[in-house]
Trainee: 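Could you have a look at this structure, given as structure tokens, before my questions?
Within every chain, numbering begins at 1; the chains are lettered A, B, ... in the order of the sequence lines, protein sequences first and strands thereafter.
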Number of protein chains: 2
Amino acid sequence: MTTIQDIAKHAKVSKSTVSRVLNESSVVNTETRLAVEQAITALNYRPNLMAQSLASGRSMTIGIVTQKIGSPFYDSIAQGVIEGLNNTGYSPIFVDGQLHHSTESEVIKALVGRQVDGLVLIGGRTPVTDLEQLKEKLPTILVAREVAGWENRSVCVDNELAGYEATMHLIELGHRAIALIHGIKDQPDAIQRQKGYCRALEKANIVFNPSLIYQADFSAQSGVLAINSLLGSGVYFSAVFAENDMMAMGARLGLSRHGIRVPEDVSIVGFDDQAEVAFMTPPLTTMRQPAVEMGKSAASAVLHAIRDERFEIPNHLIELQRRESVARVR
Amino acid sequence: MTTIQDIAKHAKVSKSTVSRVLNESSVVNTETRLAVEQAITALNYRPNLMAQSLASGRSMTIGIVTQKIGSPFYDSIAQGVIEGLNNTGYSPIFVDGQLHHSTESEVIKALVGRQVDGLVLIGGRTPVTDLEQLKEKLPTILVAREVAGWENRSVCVDNELAGYEATMHLIELGHRAIALIHGIKDQPDAIQRQKGYCRALEKANIVFNPSLIYQADFSAQSGVLAINSLLGSGVYFSAVFAENDMMAMGARLGLSRHGIRVPEDVSIVGFDDQAEVAFMTPPLTTMRQPAVEMGKSAASAVLHAIRDERFEIPNHLIELQRRESVARVR
DNA sequence: CACATTGATGGTACCGGTTCCATAGAATTG
DNA sequence: CAATTCTATGGAACCGGTACCATCAATGTG
């Protein structure tokens, strides 16, 4: 490994001067600059980021805490963060919270030890007190999580509104018996989406029927179980709102297993708009979450926070993506 | 930030002793050890990994180069690497090659600057000469890429055999007119899978019909285009082998658009077994790629390479995952 | 009992950069 | 022309650790 000292020797200058041309931190005579630059290419020199970090106090890395790598929505956010960090000089470093609170705080500590310059927490359950503590030490941005007092440190969307709109879309097409496949019980997004569902029913003067709700867990398998249970219980429904796409896929499969056609007999609305559902048979109508854009916003936000600049987090909208899994009720 | 010096002062010992208890690098009197440990928790001390890295020459990070975050197969591999690195003290740091050769070598250089202790390249097109150079400097493991001379540095699977088995499965069920939806033209995996397809035909004495091949690009959209083109050309086929699951999904949608039933009229075999396809209607028969396991193996392999230990990369098999998209020909 | 060995610890040179301060010479000013 | 301000550079302290070497007391050995 060639070091800054080697470059200095080769260019017959001091370390300081080499550092100057590297960082353009002060004016350097054109001749000497050229000599240094030449030495750098000649010796194929790359500065040691560890040493830079130690000396400067900046590590040029952003810590990203994900919940569970492999889940499409969180992955898309992560992808957005990566894109947003591209060509900024900062690199992301990922750690996985594994859905455990303890693991989560453990990995965050590890990131702090790695001297990350900023932190992006995607979802997660870190207690608010810990967050407040963290915020003191490091620029921290939350994604897909709402916390009071973090309004301009948090990239999120209005799940309640989206739940309302999804349900309203079905109601407008004449559906009045709308089953809800509900996500993980205490999960805030799930709660919000259900709230929106209830508000839409209320708005349309449809009485809420608890037997139309199935408590699932965001997995595709739970979507098919939902249909089996609903059908087994004998309640009538002409439409299903699944709180994410995987459950919608499961529901669609469950329905076909019972010879029920989509959308002729039952309509389905999903949530997320993950890539695959545009190619389901039929293509799924769903609430599109702007996951990649959210990730990009988070990247911008954390970068601005590091530079201590003001940054207005853009408003991300969940939009209805109309496809073919929904039809007017017969 | 509290430093090792603060701990030393607090425990009334020298830096060296603190370092000793941290790394267990030599025996320390029990009393003094306890005093130090107590100081560490009292002051909530975390060693600065940058300083550790600079001093020790080890950064405890593994660089992971992905091709395109968001593609299910590569994501699963990445997930496997993360899992494999869990609780090893090493952290992964991801960079994205963005499918550009130049970007790829650029990001690799960035990783080297970050003093990563090892490198995992997932797929990619880095020229072999560059790889050889890299191998000199750093323990490097390839995933999903075969290079001569890298046999025990490369985690891969037999795509040709898998292509053969997929096709053979269809043949055994009586299919003789099997369309092939081919992946990106020069992509090695795609080439191998097609080779396997051809070998199976040959084995069964079926003459190869070029008009049954559609040149696609691994996207779902290209899968529906494939069906349109095939149907438009008027060739008969009773089965489709798609070289990945996304194209299989597209093909399935394309067929349904033409009123063709799956599997009654046409059977489909996919490739990858990404999570969603188990819940397609009908669930897709596909060649399961052990992506997560491959990632784990890569993690083990690079860790062993760092310690200069011998490691036999396990043999990963692609296995036929029978579901419901395939039926005996009528 | 003199001498070698062992155990526990402190001191210090580094790792490869950044950054502040000092300084020499050139350019500007009155 | 002396005094002042710039311009360009070198020197050295420092960032927070690691690891080697030195030291010193206690123990073991002939």
Trainee: If you fit an axis to the five pairs at each end of the helix from C:dC1-D:dG30 to C:dG30-D:dC1, how big is the angle between those two axes, to 10 degrees?
Mentor: 50°
Trainee: Do the side chains of B:E151 and B:R153 get close enough for a salt bridge, i.e. N-O under 4.0 angstrom?
Mentor: no
Trainee: Going by an N to O cut-off under 4.0 Å, is there a salt bridge joining B:E31 and B:R33?
Mentor: no
Trainee: Determine whether more than 12 heavy atoms belonging to other residues, nucleotides or ligands lie under 6.0 Å from atom NZ of B:K135.
Mentor: yes
Trainee: Give one of base, sugar-phosphate or nothing for B:T3, where a contact means two heavy atoms less than 4.0 Å apart.
Mentor: sugar-phosphate
Trainee: Extract all donor-acceptor atom pairs below 3.5 Å that involve side chains of residues 36-55 of chain B and protein atoms in other chains or at least two apart in sequence.
Mentor:
from	atom 1	to	atom 2	distance (Å)
B:T41	OG1	B:E37	O	3.4
B:T41	OG1	B:Q38	O	2.9
B:N48	OD1	B:M50	N	2.7
B:N48	OD1	B:A51	N	3.1

Trainee: Assign B:R33 to base, sugar-phosphate, or nothing according to its heavy-atom contacts below 4.0 angstrom with the strands shown.
Mentor: nothing
Trainee: Within the supplied structure, the quantity of interest is the number of heavy atoms (other residues, nucleotides, ligands) at a distance under 6.0 Å from B:E309 CD; does it exceed 12?
Mentor: yes
Trainee: List, with names and distances, any nitrogen or oxygen atoms from the protein found under 3.5 Å away from nitrogen or oxygen atoms belonging to nucleotides 24-26 of chain D.
Mentor:
none

Trainee: At 4.0 Å (heavy atoms only), tell me whether A:V13 reaches a base, stays on the sugar-phosphate, or touches nothing.
Mentor: sugar-phosphate
Trainee: Backbone N or O of A:D189 within a donor-acceptor pair of the A:Q187 side chain at under 3.5 Å?
Mentor: yes
Trainee: Contact class for B:S16 vs. all strands (heavy atom < 4.0 Å): base, sugar-phosphate, or nothing?
Mentor: base
Trainee: Tell me which residues in residues 43-55 of chain A lie within less than 4.0 Å of DNA chain D, going by non-hydrogen atoms.
Mentor: A:L54, A:A55
Trainee: So A:R145 and A:C156, do their side chains get closer than 4.5 Å, heavy atoms only?
Mentor: no
Trainee: Could you tell me the separation between the NZ atom of B:K9 and the C1' atom of D:dG16, rounded to a whole number of Å?
Mentor: 14 Å
Trainee: Protein-nucleotides 5-8 of chain D N/O pairs closer than 3.5 Å?
Mentor:
none

Trainee: B:L317 versus B:V157: any side-chain heavy-atom pair under 4.5 Å?
Mentor: no
Trainee: Determine, stepwise, if the pair A:R114 / B:T61 fulfils side-chain contact (heavy atoms from CB on, under 4.5 Å).
Mentor: CA-CA 10 Å; A:R114 283 193 127 72; B:T61 52; 2.4 Å; yes
Trainee: Fit a plane to each ring of B:F94 and A:F94, take the angle between them on a 0 to 90° scale, and name the class: parallel (under 30°), tilted (30 to 60°) or perpendicular (over 60°).
Mentor: perpendicular
Trainee: Using a heavy-atom cut-off of 4.0 Å to chain B, what are the terminal contacting nucleotides of DNA chain C, in 5' to 3' order?
Mentor: C:dA8 to C:dG16
